[in-house]
Amino acid sequence: MKPPLSLLNPNMPSGSGSLMWFRKGLRVHDNPALEYASRGSSCVYPLFVIDPHYMELDPDAYSPGSTRAGINRIRFLLESLADLDSSLKKLGSRLLVLKGEPSEVLIRCLNEWDVRKLCFEYDTDPYYQALDDKVKNYASAAGIEVFSPVSHTIFDPADIIEKNGGRPPLSYQSFLKLAGEPSFSLSVELSWTPPVGDVGRCEILQVPTLKELGYVEKHQDEFTPFRGGESEALRRLRESLSDKEWVANFEKPKGDPSVYIKPATTVLSPYLKFGCLSSRYFYQCLKDVYKNVKRHTSPPVSLVGQLLWREFFYTVAFGTPNFDKMKGNKICKQIPWNDDDKLLAAWRAARTGYPWIDAIMVQLRKWGWMHHLARHSVACFLTRGDLFVHWEKGRDIFERLLIDSDWAINNGNWLWQSCSSFFYQYNRIYSPISFGRKYDPNGNYIRHFLPILKDMPKEYIYEPWTAPLSVQTKAKCIIGRDYPKPVISHDTASNECRKKMGEAYALNQRLKGLVSEEDLRKLRRKFDEDEDKQEPKPRRQRQKLIK
DNA sequence: TCGCAGTTGGTCCA
DNA sequence: TGGACCAACTGCGA
């Protein structure tokens, strides 16, 4: 596989220092940038920059954490860094931690340290594209070789887009056809790395603890059960792969979203997000299992299929300007979503009055991880299914709270679930009542994450507002007092949503996607008028319920 | 232009 | 548990 952004200069002197800049790719296995940094260098500076903008405690945030990341993801990152430091120490090195705006820190290091090669994993996220351009330009002007290989994904998104005539494929099947079989070779296993060079006047930090960053235990009553780091990633991988039958028969849509003690999936997504696990290594391991079984499932539902979904979203995200927005995004339907902050707040706070939805939102806040179908349930509920709130608002909340939140995949899934792109069958709405009940009739998942409902009889646990007062009293949970009444009626709201989606789709079709702000305003006004005309009473009730 | 396929809907019924 | 039916979307390829 070619290193697409390497600026190789054969005339560079060898035997001098390299700077290995870790961002994602927090691992020593299959790390071509680290391998290249180590090769022929007299010293290597393995660096991670703590960006205060990402890590600093935000006391005003709606849940513990920084402005951009919930406490669970910060913790997961710190654990991953500590594990990386420990792995590097075994190789005769260590992780150098510095704090500050990353491009400024990098440029200072390149100035002060003995660096002839700058190595870092290529990153397609817009944040890193801009940052990397800045650092690369500086390094090139200073005569420093830059090596930036594609190793976060199996394929190079730019290659796929080029094969498709400059446009990203918009369906999974067309992606598969274009991508074909991947060709990569894993980087060699390192048995040692050159020692750390002289750091001069730079004040190097140890990997900080949550406490040192200003977070205290009281900020969170329950932490995610998933520990960060490459060692844990490889342990989880081995554990998943040990059950060959399970790997061979894996079918994503058949997974049970209500299982939480031993989740129905591998839960390797956070490790892939931070690059604690190489997606290429994971892919190769799965292929090895497939070789030794009689039959196995295939994409899109198989485990390899899941890795390819990741590749698909990375490719579309990389090739689509404004992928994370509705406006200016050519593949996104223009829909006049409402700006109901109260409904959004109820959803975020796990107080919609629908226990299945609220339990999932509690799991998000406490664990930073939920099953894929659980994510679908709450995303559909917030957007096209019930509340008709803009998908970008839900996306922001997921992005901050998920330990595996990944720019391309998170945005892709919100576009998908809101029927804004990729998927268009807006009539298929997840029921906030029957979808969960199908998997977990007794409501064990709800009882665990919403203990206020733990004594509610199973007949009522998915719709506790229908329980007679005597039952509510016996269950020590009065609806409207101890647990909220539903913020909307699902039957009414979902029918209204279907109608609105139909009208919005018709508008997009009529104007061939060129929908202006004024067009959207007009349609939004029409929705409001229709609602006032048809259901004035429920609307007032709804406002009352939210209070 | 048409027919088909599309990771994961809900409900009813046998 | 699986199939029929509901009501119907888009992208893709022929």
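Quick note on labels: first sequence line is chain A, next is B, and so on, each numbered from 1.
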Original post:
Just how far, in rounded Å, is P of dT11(B) from NE2 of His490(A)?
Top reply: 7 Å
Original post:
Going 5' to 3' on DNA chain C, which nucleotide is the first and which the last to come under 4.0 Å of a heavy atom in chain A?
Top reply: dA8(C) to dC12(C)
Original post:
How is Lys438(A) classified with respect to the nucleic acid when contacts are heavy atoms under 4.0 Å: base, sugar-phosphate, or nothing?
Top reply: sugar-phosphate
**OP:** For DNA chain B, list all stems, counting runs of three or more consecutive pairs where every pair is Watson-Crick or G-U wobble with both distances under 3.5 Å.
**Re:** B:1-6 with C:9-14, B:9-14 with C:1-6
Original post:
Within 45° of the six-membered ring axis of Tyr426(A) and under 6.0 Å from that ring's centre, is NZ or CZ of Arg498(A) located there?
Top reply: no
Subject >> Under 4.0 angstrom between Ser434(A) side-chain N/O and dT11(B) OP1 or OP2 >> reply: yes
Original post:
Taking atom types as modelled, is there a side-chain donor on Asp256(A) or Ser258(A) under 3.5 Å from an acceptor on the other?
Top reply: yes
Original post:
Just checking Phe422(A): base, sugar-phosphate only, or nothing, at a heavy-atom cut-off of under 4.0 Å?
Top reply: nothing
Original post:
Given atom CD of Glu251(A) and atom C1' of dT8(B), what is their separation to the nearest angstrom?
Top reply: 10 Å
Subject >> Glu121(A) versus Ser151(A), side-chain donor and acceptor atoms under 3.5 Å >> reply: yes
Subject >> With sequence neighbours excluded, residues passing ring pair (Phe, Tyr, Trp, His ring centres under 6.0 Å) with Tyr445(A) >> reply: Trp356(A), Phe449(A)
**OP:** Please state how far atom OH in Tyr430(A) lies from atom C1' in dT7(B), giving the value in whole angstrom units.
**Re:** 9 Å
Subject >> Gap between atoms CG and C1', on Asn495(A) and dG9(B) respectively (whole Å) >> reply: 14 Å
Subject >> Nucleotide dG10(B), atom C1' - distance to CG of Leu373(A) in whole Å >> reply: 15 Å
Subject >> Spacing between Phe435(A) atom CZ and dG10(B) atom P, to the nearest angstrom >> reply: 6 Å
Original post:
Expressed in whole Å, how much space separates the C1' atoms belonging to dA5(B) and dA8(C)?
Top reply: 14 Å
Original post:
Within this structure, what is the CE-to-P distance between Met501(A) and dG9(B), rounded to whole angstrom?
Top reply: 15 Å
**OP:** Examine Arg75(A) relative to Phe223(A) and say whether NZ or CZ is less than 6.0 Å from the centre of the six-membered ring and inside a 45° cone about the ring axis.
**Re:** yes
Original post:
Between Phe381(A) (CZ) and dG10(B) (C1'), how many Å, whole number?
Top reply: 17 Å
**OP:** Apply ring pair (Phe, Tyr, Trp, His ring centres under 6.0 Å) to the pair Tyr430(A) and Phe381(A), showing each step before the final yes or no.
**Re:** CA-CA 7 Å; Tyr430(A) 290 88; Phe381(A) 185 84; over 10 Å; no
**OP:** Assign Gln173(A) to base, sugar-phosphate, or nothing according to its heavy-atom contacts below 4.0 angstrom with the strands shown.
**Re:** sugar-phosphate
Subject >> Donor on one side chain, acceptor on other, Asn411(A) and Arg395(A), under 3.5 Å >> reply: yes
**OP:** Choose from dT8(B), dG10(B), dT7(B) the nucleotide whose nearest atom is closest to any side-chain atom of Arg428(A).
**Re:** dT8(B)
**OP:** Consider only side-chain N and O atoms of Asn72(A) and Thr224(A), and report whether a donor and an acceptor are under 3.5 Å apart.
**Re:** no
**OP:** Consider only side-chain N and O atoms of Asp123(A) and His152(A), and report whether a donor and an acceptor are under 3.5 Å apart.
**Re:** no
